[in-house]
Structure formats: C-alpha cells, structure tokens
Chemist: 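Supplied in structure tokens, the structure appears directly below.
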Amino acid sequence: MLKIGALVSGGGTNLQAILDAIDSQGIAARVVTVVSSKEGAYALERAAKRNIETAVISKKSFNNSLDYENALIKHFKDRNVELIILAGFMVILGKGFVDAFENRIMNIHPALIPSFCGEGFYGLHVHEAALKAGVKVTGATVHFVTADCDAGPIILQKAVDIEDDDTPETLQKRVMEQAEWVIFPEAVRLFAENKLVIKDGKVRRLK
Ligand code: GRF
C-alpha cells in the first residue's frame, strides 16, 4: 500500500479527485497526511471528512526556507510517506526538499508544459496567458518535481480546446474538469503500480 502525503493551499479539488479515484478504482494507495501552507484551506476539510490527518505548516512561521523545508521533510519521513502530491500547492520548494524525495514528488500544472509555466504562472495567470497568446489548445500536465520550477520529467498531459468566448475563469474550470481531475489520479495509479520509470530525464510508462 503506497503511502501518500499531500501538500495543498486551496480548494483541494485535485486532492478530492485522487481520493475518489483511490476508492473507485481500488488503487493500492492511501493518503496518510494532508499538509496545508495556510489555515482555512478547504482541502483540509475534505481530508478531515475522510478521517485523514491534517496539519498546517506555514512558511512564514519559520526563520528561513531551510528550516521550513526541514520541518516538511520530517513530517513526511516520520509517516513513511513514499509519494508526495502537490495538489494546488502555492509554495515553490527548494533543492533540499526535492532531493529528500527525489522522483517521488508529483505536481499538476494547468497548461501543456513547456507552455505557460515557470515562476509567476500559477492560478488564473496561466489561463490569462494562454488566452492572450491566442492558442487554440491548452490543457494540463502532471510532472515529477525537480528544483527547477515546472521543469521536471513529464508524466501525463491532456489537451483541452479553447473556445472563442472563454474567459480565464471558464477556461480554468474546463481544464480542471477535463484534464486535471483525470490525469492526476491516473499518474498516482501508474506510480502505485510501479509503472513509471525515469530514464535520461524522461518518464517511460511500462505496459
Ligand atoms: C489547479 O488549477 C492546479 O492546477 C493548480 O492549482 C489549482 C488547484 O486547485 N496547481 P485545487 O486546490 O486542486 O482545487
């Protein structure tokens, strides 16, 4: 049984999609702890409803990034967490944390990487940028996390058509429904079944 730790900052719909998929698809995994970067994140309530342990570990309560990341590392190591999911987590993690869980951290990004990604591309900004560029297709990407923001090995991507009358808000909603909530649980399933291999910085999917 794969032990998963989640890092969240907001509504937690991706976390919910993963919890639901674990149940409905019988994925051999369990979310054992959900850590929020701030108080009041609705994701914490979603976890509590499932009797999953919750915690708030906020960066601003530490003197520096190193102490903050060490606290996160200890939290997950103490619980023998084997996979960390960044499910709408709004903090960029440094090398210390990433190295402690090498190839064991997954993030969901609401665009087709390498488009509209990197520092500053979060939340609605991503969809604003896609609409501004006039692209006709966007989507979502699940990738392993490395120290370079949004640049780790890509696990899964799913495209979503852009409509002429889309606003950042309508596009964000469609990308979540059609892409994020589909590919994030799927990536977790593949990881739990040991079907993801990283070679030369790329993910290969075993049959
Ligand atoms: C999603 O759009 C995700 O791609 C981004 O943050 C948002 C989180 O939503 N990283 P939720 O908290 O999972 O509802």
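Both ligands and their constituent atoms are indexed starting at 1 by order of listing.
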Chemist: Indicate whether the side chain of H127 and that of T138 have a donor and an acceptor atom separated by less than 3.5 Å.
Modeler: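 Per modelled atom types, H127 and T138 side chains form no pair under 3.5 Å.
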Chemist: Just wondering, are more than 12 heavy atoms of other shown residues or ligands nearer than 6.0 Å to OH in Y122?
Modeler: no
Chemist: Polar contacts were defined as any N/O atom of the residue lying under 3.5 Å from an N/O atom of the ligand; does this apply to H109 and ligand 1?
Modeler: no
Chemist: Only heavy atoms of G11, strictly under 4.0 Å: list the atoms of ligand 1 that pass.
Modeler: 12 (O), 14 (O)
Chemist: Provide the number and element of each atom of ligand 1 under 4.0 Å from a heavy atom of G88.
Modeler: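 This gives 6 (O), 8 (C), 10 (N) as the contact atoms.
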Chemist: State which residues pass ring pair (Phe, Tyr, Trp, His ring centres under 6.0 Å) with Y68; sequence neighbours excluded, sorted by chain then number.
Modeler: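 Y68 satisfies ring pair (Phe, Tyr, Trp, His ring centres under 6.0 Å) with F62 once adjacent residues are dropped.
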Chemist: Tell me the protein heavy atom at minimum distance from atom 3 (C) of ligand 1, and give that distance in Å.
Modeler: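 Going atom by atom, the protein heavy atom closest to atom 3 (C) of ligand 1 ends up being E180 OE1, 3.2 Å.
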Chemist: Would the distance check show the side chain of D148 and the main-chain N or O of A151 forming a donor-acceptor pair, the cut-off being under 3.5 Å?
Modeler: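 A pair under 3.5 Å: no.
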Chemist: Do T170 and D166 get their side chains close enough for a donor-acceptor pair, meaning under 3.5 Å?
Modeler: yes
Chemist: From atom 12 (O) of ligand 1, work out which of G12, A6, S9, A43 has a heavy atom at the shortest distance.
Modeler: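 That would be G12.
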Chemist: Going by ring pair (Phe, Tyr, Trp, His ring centres under 6.0 Å), name the pairs with one or both residues in residues 136-186, residues two or more places apart or in two chains.
Modeler: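 As it turns out, there is no ring pair (Phe, Tyr, Trp, His ring centres under 6.0 Å) pair with a partner in residues 136-186 once direct neighbours are skipped.
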Chemist: If you count the atoms of ligand 1 from 1 in the order shown, which ones are under 4.0 Å from a heavy atom of P110?
Modeler: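 Reading through ligand 1 atom by atom, the close ones are 4 (O).
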Chemist: Checking S37 against S58: is there a side-chain donor and acceptor pair closer than 3.5 Å?
Modeler: no
Chemist: Under a 4.0 Å heavy-atom limit, does Q172 contact ligand 1 with its side chain, its backbone, both, or neither?
Modeler: neither
Chemist: Can you pull out the closest protein heavy atom to atom 9 (O) of ligand 1? Residue, atom name and distance to 0.1 Å, please.
Modeler: M176 CE, 3.3 Å
Chemist: Which heavy atom of the protein is the closest neighbour of atom 14 (O) of ligand 1, given with residue, atom name and distance?
Modeler: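 Checked against all protein heavy atoms, atom 14 (O) of ligand 1 sits closest to T13 OG1, 2.5 Å.
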Chemist: Just to confirm my output: which protein heavy-atom neighbour is closest to atom 10 (N) of ligand 1, and how far is it?
Modeler: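 Here the nearest protein heavy atom works out to I108 O, 3.3 Å.
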